[in-house]
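Quick notes on the structure that follows.
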Amino acid sequence: MRKTIVLLLVLLLMNAAAAFAAPKIDTFERPARGSAYTLSEWALDGWNAPWDNGMSTRTWIDGYNFNHSGGQSLRVFYPQGQIDPANSGAQAPFEVTPGREYYLSYWVRFSSDFSWGTTEFAGKLGVGLAGGAACSGGQTCTGYNGFSSRMIWRSGGQAAIYYYHMDDAGQYGDYAILKNSNGSDIYYPKGTWVNIVQRLKVNTVANGNANSDGEIQIWYNGVSAANITGLRFVRNSDLVDKAYFSSFFGGATSSFAPANDSYIWYDDLKVSTNRSDICELSTGGCYGRTFQAEDYTAMSGVMTEPTPDTGGGSDVGGIDSQDWIAFGNVQIPRTGTYLVEYRVASPNDNGRISLDINEGGTVLGEVDVPNTGSWSSYRTVSHVVQIPAGTYQFGLYAITGGFDINWWKITQLY
């Protein structure tokens with residue numbers, strides 16, 4: 001009996017661990033800037049899909065212009081006059097472990113001259129959640145051919161959630177306009193990063209009948225913007241099994257096409273079954289702190305000097321191999337996974353930084369410093385590390401020197 005109880009406890013713990021497995025994340029810090037983010041490159045970052053549209057021809061890793069965090073983001077191209085996923089944007093049904101409830105978060109930025117359409121206005125935005133055969137495209141959702149839920153824009157950039165379920169009011173799914181807390185409609189801005197979080201919960205099924213307990217909820221910049229309940233998605237065993245990148249112009253005719261070439265940038269993509277992994281929904285959002293390099297509390301072998309980087313001020317230079325700077329009394333409020341960024345300049349190859357806590361006793365990770373072309377040409381490099389909650393002295397140690405640092409930054413991913 002005792003062995004049976006122990007076995008049951010082990011199984012319960014294993015099931016709990018599986019239910020809250022580590023989330024999928026993508027900060028688009030690789031491959032090299034200027035590259036297409038092809039399906040094979042997605043796969044190297046743990047995102048797998050059986051097919052795609054446009055990933056090889058209309059995506060670009062941007063390490064030159066805009067990013068929400070780190071030094072790079074994903075830019076997607078929407079050509080003037082083009083509609084549908086074969087000719088506009090990008091599409092791929094990325095696989096996730098089947099689950100009844102999922103959270104999906106990403107940051108998005110529309111180009112400053114983004115065109116919402118020509119004379120008609122509709123387009124799919126970014127990543128959605130789907131399951132089974134992902135019912136969409138004017139199909140009738142029977143409960144056996146899956147479901148889908150994606151963000152869209154309408155006239156003037158009006159923001160909405162667009163979803164296919166068993167009780168669609170019309171042929172082309174249903175939508176709900178996102179609302180501010182005062183009840184006004186939300187419109188996507190141009191030239192500004194915004195965060196979108198979607199939660200989808202699949203309905204339960206009893207004796208082949210779909211119960212009306214499915215749900216979709218949307219948060220816009222951390223504030224609830226839509227909450228749809230009483231939904232029936234399935235009458236079989238289908239669950240959420242896709243983080244569906246599905247972004248393109250359309251509509252069925254060229255009247256929905258953009259009037260000029262348009263772009264959308266994406267960053268910090270996350271999908272999880274556990275709400276606590278979506279730090280954008282935490283009070284105060286995702287913890288982050290930027291440190292000016294010259295504000296160190298201890299150092300060895302370096303000097304400060306005026307910086308030619310954007311924003312001016314000072315940087316830390318004269319960094320040779322085995323030099324270091326330290327920052328004391330840094331509080332990390334939550335145990336988690338963090339993106340650490342460094343703003344660096346170097347005319348040399350093979351620079352390398354090690355990040356540590358506990359006076360070098362715990363090495364958190366290492367990152368290469370590229371040849372940026374000159375001492376006055378700065379780039380942001382980054383790596384992902386695990387940091388336990390606590391108060392620490394952080395150390396930046398030059399494994400190989402020959403670079404300057406303007407600032408470094410910690411941002412929680414989950």
Side-chain angles (χ1 to χ4, degrees), residues 13-14 16-27 29 46 67-71 103 105 107 195 197 222 267-302 304 315-316 319 322-344 351-369 380-399 403 405-414:
L13 289 171
M14 289 175 64
F20 295 112
K24 282 181 175 292
I25 63 171
D26 202 333
T27 58
E29 294 305 294
N67 53 73
H68 175 255
S69 68
Y103 291 81
S105 173
W107 290 81
N195 175 246
V197 177
D267 210 350
D268 297 338
L269 169 62
K270 292 178 269 190
V271 61
S272 178
T273 57
N274 188 358
R275 174 178 171 143
S276 66
D277 287 333
I278 310 299
C279 55
E280 284 83 355
L281 298 183
S282 301
T283 301
C286 300
Y287 170 80
R289 183 175 173 184
T290 299
F291 303 83
Q292 296 301 319
E294 69 272 18
D295 291 339
Y296 54 75
T297 55
M299 68 87 171
S300 175
V302 304
T304 60
D315 63 36
V316 168
I319 301 174
Q322 301 183 22
D323 290 347
W324 55 266
I325 53 178
F327 300 79
N329 199 37
V330 177
Q331 185 178 21
I332 301 298
R334 296 188 289 266
T335 296
T337 299
Y338 289 79
L339 183 71
V340 184
E341 306 166 51
Y342 310 85
R343 186 69 171 171
V344 295
R352 192 164 178 83
I353 301 170
S354 173
L355 179 69
D356 64 68
I357 54 177
N358 302 324
E359 298 183 350
T362 303
V363 175
L364 299 175
E366 301 176 1
V367 65
D368 291 329
V369 177
T380 303
V381 297
S382 64
H383 58 150
V384 174
V385 303
Q386 310 296 317
I387 309 177
T391 301
Y392 303 102
Q393 175 176 284
F394 281 82
L396 279 61
Y397 176 78
I399 298 174
F403 55 88
I405 300 179
N406 186 12
W407 50 258
W408 67 288
K409 181 179 180 181
I410 301 173
T411 305
Q412 184 186 13
L413 294 175
Y414 64 90

If you take all heavy atoms of Ala398 and Phe403, which pair is closest and at what distance?
CB-CZ, 4.1 Å
Which pair of heavy atoms, one from Phe327 and one from Leu396, lies closest together, and at what distance?
CE1-CD1, 4.2 Å
Treating [X] as the side-chain partner and [Y] as the backbone partner, does any N or O pair qualify as donor plus acceptor under 3.5 Å?
X	Y	answer
Lys24	Gly46	yes
Ser354	Glu366	no
Asp277	Ser272	no
Glu29	Gly71	yes

So, taking the atom named [atom1] in [X] and the one named [atom2] in [Y], what distance separates them when rounded to the nearest 0.5 Å?
X	Y	atom1	atom2	result
Leu281	Tyr103	CG	OH	7.5 Å
Ile25	Leu269	CD1	CG	9.5 Å
Thr297	Phe291	OG1	CZ	10.0 Å
Ile410	Leu355	CD1	CG	7.0 Å
Cys286	Lys270	SG	NZ	4.0 Å
Tyr397	Asp323	OH	CG	8.5 Å

Report the C-alpha separation of Asp268 and Ser105 in whole Å, then their side-chain angles, then the decisive distance to 0.1 Å, and conclude whether the side-chain contact (heavy atoms from CB on, under 4.5 Å) test is met.
CA-CA 8 Å; Asp268 297 338; Ser105 173; over 6 Å; no
I would like to know whether Lys409 and Ser69 meet side-chain contact (heavy atoms from CB on, under 4.5 Å); could you show each step before the answer?
CA-CA 9 Å; Lys409 181 179 180 181; Ser69 68; 5.8 Å; no
Is there a side-chain contact between [X] and [Y] (heavy atoms, below 4.5 Å)?
X	Y	value
Gln292	Asn406	yes
Asp356	Thr362	no
Val316	Trp408	no
Tyr287	Ile387	no
Val330	Thr391	no

List the atom pairs, with distances to 0.1 Å, where a side-chain N or O of residues 332-344 and a protein N or O form a donor-acceptor pair under 3.5 Å, not counting sequence neighbours.
residue: Arg334; atom: NE; partner: Gln412; partner atom: OE1; Å: 3.2
residue: Arg334; atom: NH2; partner: Gly285; partner atom: O; Å: 3.2
residue: Arg334; atom: NH2; partner: Gln412; partner atom: OE1; Å: 2.8
residue: Thr335; atom: OG1; partner: Ala389; partner atom: N; Å: 2.9
residue: Thr337; atom: OG1; partner: Gln386; partner atom: OE1; Å: 2.8
residue: Thr337; atom: OG1; partner: Gln386; partner atom: NE2; Å: 3.2
residue: Thr337; atom: OG1; partner: Tyr414; partner atom: OH; Å: 3.4
residue: Tyr338; atom: OH; partner: Arg334; partner atom: O; Å: 2.5
residue: Glu341; atom: OE1; partner: Gly70; partner atom: N; Å: 3.0
residue: Glu341; atom: OE2; partner: Gly70; partner atom: N; Å: 3.2
residue: Tyr342; atom: OH; partner: His383; partner atom: NE2; Å: 2.8
residue: Arg343; atom: NE; partner: Asp309; partner atom: OD2; Å: 3.0
residue: Arg343; atom: NH1; partner: Thr380; partner atom: OG1; Å: 3.1
residue: Arg343; atom: NH2; partner: Asp309; partner atom: OD1; Å: 3.2

